Amino acid sequence: MTVAIMQPYFLPYIGYFQLINAVDKFIFYDDVNFIKNGWINRNRIIINNKINYLTVQLNGASSNKLINEVEFTDNRNKLISTINLAYKRAPYFNQVFPLINDILVFQTSSISELAIFSIEMVSEFLSINTIFEVSSLKYSDTKGLEKAERLKEICHRNEACKYINPIGGQGLYNKDDFRSANIDLHFLKTNFIKYKQFQHDFISNLSIIDVLMFNNSEIIQEYLSLFEFK
């Protein structure tokens with residue numbers, strides 16, 4: 001069993017989906033502290049050939065709250081309109097926009113639930129068959145453990161021999177520490193992925209929205225394997 005554990009991000013970049021596709025089980029880490037100015041409630045898209053943030057407005061967000069305790073004020077109709085205007089001339093708009101619309105009209109006021117739903121829906125669209133779980137529903141009793149110890153405990157409960165973390169975790173987690181618990185720790189690094197956008201220089205690492213709007217499913221399946229383990 002190979003496991004990944006990550007905070008739920010709103011319509012994240014393709015590296016997040018590479019991580020999902022690389023494991024047997026993906027656990028949404030929704031009962032850890034909210035990260036301000038991170039990717040939980042926002043991502044980046046192209047508007048008029050420039051990077052812009054697509055942001056779900058939050059209500060009383062604080063790093064003292066858990067992610068699943070944070071709610072949002074409803075600016076989703078504006079986000080739908082923004083995406084429509086930004087990508088209506090993209091080659092796969094007609095196939096992709098209904099998916100994005102369905103995500104954004106999901107009935108919830110929880111940013112965690114909206115982010116999780118966005119990831120699950122895109123994963124289904126891309127035929128990713130990874131098992132999803134939510135940490136607050138399955139592993140809430142492990143919250144008192146230190147950061148790395150909690151991850152190892154969740155791995156043990158799943159009889160996981162391999163844990164995969166994004167490359168940014170190299171400064172947080174130690175391979176020898178995990179190996180001492182009989183878990184192989186790997187860090188996933190996304191390779192550079194380039195595709196034709198509109199008539200401008202390529203802009204990388206945008207929301208999965210951008211990837212979906214400019215690429216068909218077969219090409220995106222290839223992109224899901226463009227990474228390396230460190």
Side-chain angles (χ1 to χ4, degrees), residues 1-32 35 38-44 54 67-68 96 99-100 102-104 106 110-139 150-151 154-155 157-170 172-173 178 183-193 195 204-230:
M1 171 73 76
T2 303
V3 168
I5 304 168
M6 274 288 293
Q7 296 94 337
Y9 290 169
F10 175 64
L11 289 165
Y13 86 125
I14 193 164
Y16 196 107
F17 293 94
Q18 289 176 332
L19 182 63
I20 294 172
N21 196 50
V23 299
D24 301 306
K25 180 177 288 187
F26 187 93
I27 299 165
F28 294 110
Y29 219 19
D30 70 326
D31 54 356
V32 294
I35 302 169
W39 302 109
I40 294 166
N41 68 306
R42 65 178 187 164
N43 220 289
R44 306 183 310 159
L54 190 73
I67 296 171
N68 61 10
V96 173
L99 168 70
I100 304 303
D102 286 348
I103 289 168
L104 285 169
F106 178 59
S110 162
I111 190 57
S112 176
E113 290 180 357
L114 180 63
I116 289 172
F117 186 69
S118 77
I119 294 161
E120 290 178 335
M121 289 289 284
V122 172
S123 296
E124 181 180 341
F125 185 82
L126 296 177
S127 300
I128 297 173
N129 297 316
T130 301
I131 298 168
F132 289 112
E133 288 183 347
V134 179
S135 60
S136 64
L137 300 179
K138 295 281 289 188
Y139 310 101
R150 187 180 186 199
L151 298 179
I154 293 173
C155 286
R157 293 190 184 187
N158 285 283
E159 299 182 351
C161 59
K162 186 181 294 184
Y163 173 67
I164 303 179
N165 202 85
I167 193 68
Q170 281 187 312
L172 298 174
Y173 307 117
F178 275 73
I183 301 166
D184 289 329
L185 171 61
H186 299 273
F187 297 99
L188 187 149
K189 181 180 184 295
T190 301
N191 295 337
F192 182 69
I193 295 171
Y195 49 87
S204 64
N205 295 328
L206 300 175
S207 165
I208 192 67
I209 294 172
D210 194 80
V211 178
L212 294 169
M213 290 291 185
F214 291 108
N215 299 275
N216 64 37
S217 296
E218 290 74 19
I219 292 175
I220 299 174
Q221 287 295 326
E222 295 179 13
Y223 292 163
L224 290 173
S225 64
L226 294 180
F227 64 83
E228 54 188 296
F229 289 128
K230 296 292 188 177

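Here the structure is a predicted model, which is why all the values come from computation and not from measurement.
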Side chain to side chain donor-acceptor pair (under 3.5 Å) contacts touching residues 12-24 (sequence neighbours left out):
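Qualifying pairs, neighbours excluded: Gln18-Thr190.
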Which pairs, with at least one residue in residues 1-11 and sequence neighbours excluded, count as a side chain to side chain donor-acceptor pair (under 3.5 Å)?
none
List the atom of Pro8, the atom of Ser112, and the distance in Å for their closest heavy-atom pair.
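Distance-wise, the nearest heavy atoms are CG-OG, 3.9 Å.
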Can you name the nearest heavy-atom pair linking Met6 to Pro166, along with the distance?
SD-CG, 3.5 Å
Scan residues 211-230 for pairs that pass salt bridge (charged side-chain N to carboxylate O under 4.0 Å, His left out), counting only residues two or more places apart or in two chains.
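Found Glu228-Lys230.
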Can you list every salt bridge (charged side-chain N to carboxylate O under 4.0 Å, His left out) pair that touches residues 112-132, not counting sequence neighbours?
none
Could you measure the distance from the [atom1] atom of [X] to the [atom2] atom of [Y]? Nearest 0.5 Å is fine.
{"X": "Phe187", "Y": "Leu185", "atom1": "CZ", "atom2": "CG", "answer": "4.0 Å"}
{"X": "Phe117", "Y": "Phe10", "atom1": "CZ", "atom2": "CZ", "answer": "12.0 Å"}
{"X": "Arg42", "Y": "Ile111", "atom1": "CZ", "atom2": "CD1", "answer": "12.0 Å"}
{"X": "Leu54", "Y": "Leu104", "atom1": "CG", "atom2": "CG", "answer": "7.0 Å"}
{"X": "Leu151", "Y": "Ile183", "atom1": "CG", "atom2": "CD1", "answer": "9.0 Å"}
{"X": "Met121", "Y": "Asp102", "atom1": "CE", "atom2": "CG", "answer": "5.0 Å"}

Short side-chain to backbone donor-acceptor contact, Asn43 and Trp39, under 3.5 Å
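No, because the side chain of Asn43 does not come within donor-acceptor range (under 3.5 Å) of the backbone of Trp39.
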Whether Ser118 side chain and Leu11 backbone form a donor-acceptor pair below 3.5 Å:
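Yes, Ser118 side chain to Leu11 backbone: donor-acceptor pair under 3.5 Å.
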Going through the distances and angles, do Ile103 and Val122 end up as a side-chain contact (heavy atoms from CB on, under 4.5 Å)?
CA-CA 9 Å; Ile103 289 168; Val122 172; 4.1 Å; yes
Looking at side-chain heavy atoms only, is the closest gap between [X] and [Y] below 4.5 Å?
{"X": "Phe17", "Y": "Ile220", "value": "no"}
{"X": "Leu226", "Y": "Phe192", "value": "no"}
{"X": "Ile193", "Y": "Val211", "value": "no"}

The test is side-chain contact (heavy atoms from CB on, under 4.5 Å); show your working for Leu224 and Ile128 and say whether it passes.
CA-CA 10 Å; Leu224 290 173; Ile128 297 173; 4.1 Å; yes
Pairing residues for Asp210 by the side-chain contact (heavy atoms from CB on, under 4.5 Å) criterion, not counting sequence neighbours:
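Per chain and number, Asp210 pairs via side-chain contact (heavy atoms from CB on, under 4.5 Å) with Ile46, Tyr87, Tyr195, Gln197, Leu206, Phe214.
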Assess, by modelled atom type and distance only, whether the side chains of Asn165 and Tyr173 contain a donor and an acceptor separated by less than 3.5 Å.
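Checked: Asn165/Tyr173 side chains show no N/O donor-acceptor pair below 3.5 Å.
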Take Ile164 and Leu19 through the test side-chain contact (heavy atoms from CB on, under 4.5 Å) and record every step on the way to the result.
CA-CA 7 Å; Ile164 303 179; Leu19 182 63; 3.4 Å; yes
Donor-acceptor pairs under 3.5 angstrom involving side-chain atoms of residues 129-136: please list them, not counting sequence neighbours.
residue : atom : partner : partner atom : Å
Thr130  : OG1  : Ile20   : O            : 2.7
Thr130  : OG1  : Val23   : O            : 3.3
Glu133  : OE1  : Tyr139  : OH           : 2.4
Glu133  : OE2  : Lys25   : NZ           : 3.0
Ser135  : OG   : Phe28   : O            : 3.1
Ser135  : OG   : Asp30   : N            : 3.1
Ser135  : OG   : Asp30   : OD1          : 3.0
Ser135  : OG   : Asp31   : OD1          : 2.6
Ser136  : OG   : Asp30   : OD1          : 3.1
Ser136  : OG   : Asp30   : OD2          : 2.7

Please identify each residue that fulfils ring-ring contact (aromatic ring centres under 6.0 Å, His included) with Phe227, with sequence neighbours left out.
Phe229
Report the C-alpha separation of Ile5 and Arg150 in whole Å, then their side-chain angles, then the decisive distance to 0.1 Å, and conclude whether the side-chain contact (heavy atoms from CB on, under 4.5 Å) test is met.
CA-CA 10 Å; Ile5 304 168; Arg150 187 180 186 199; over 6 Å; no
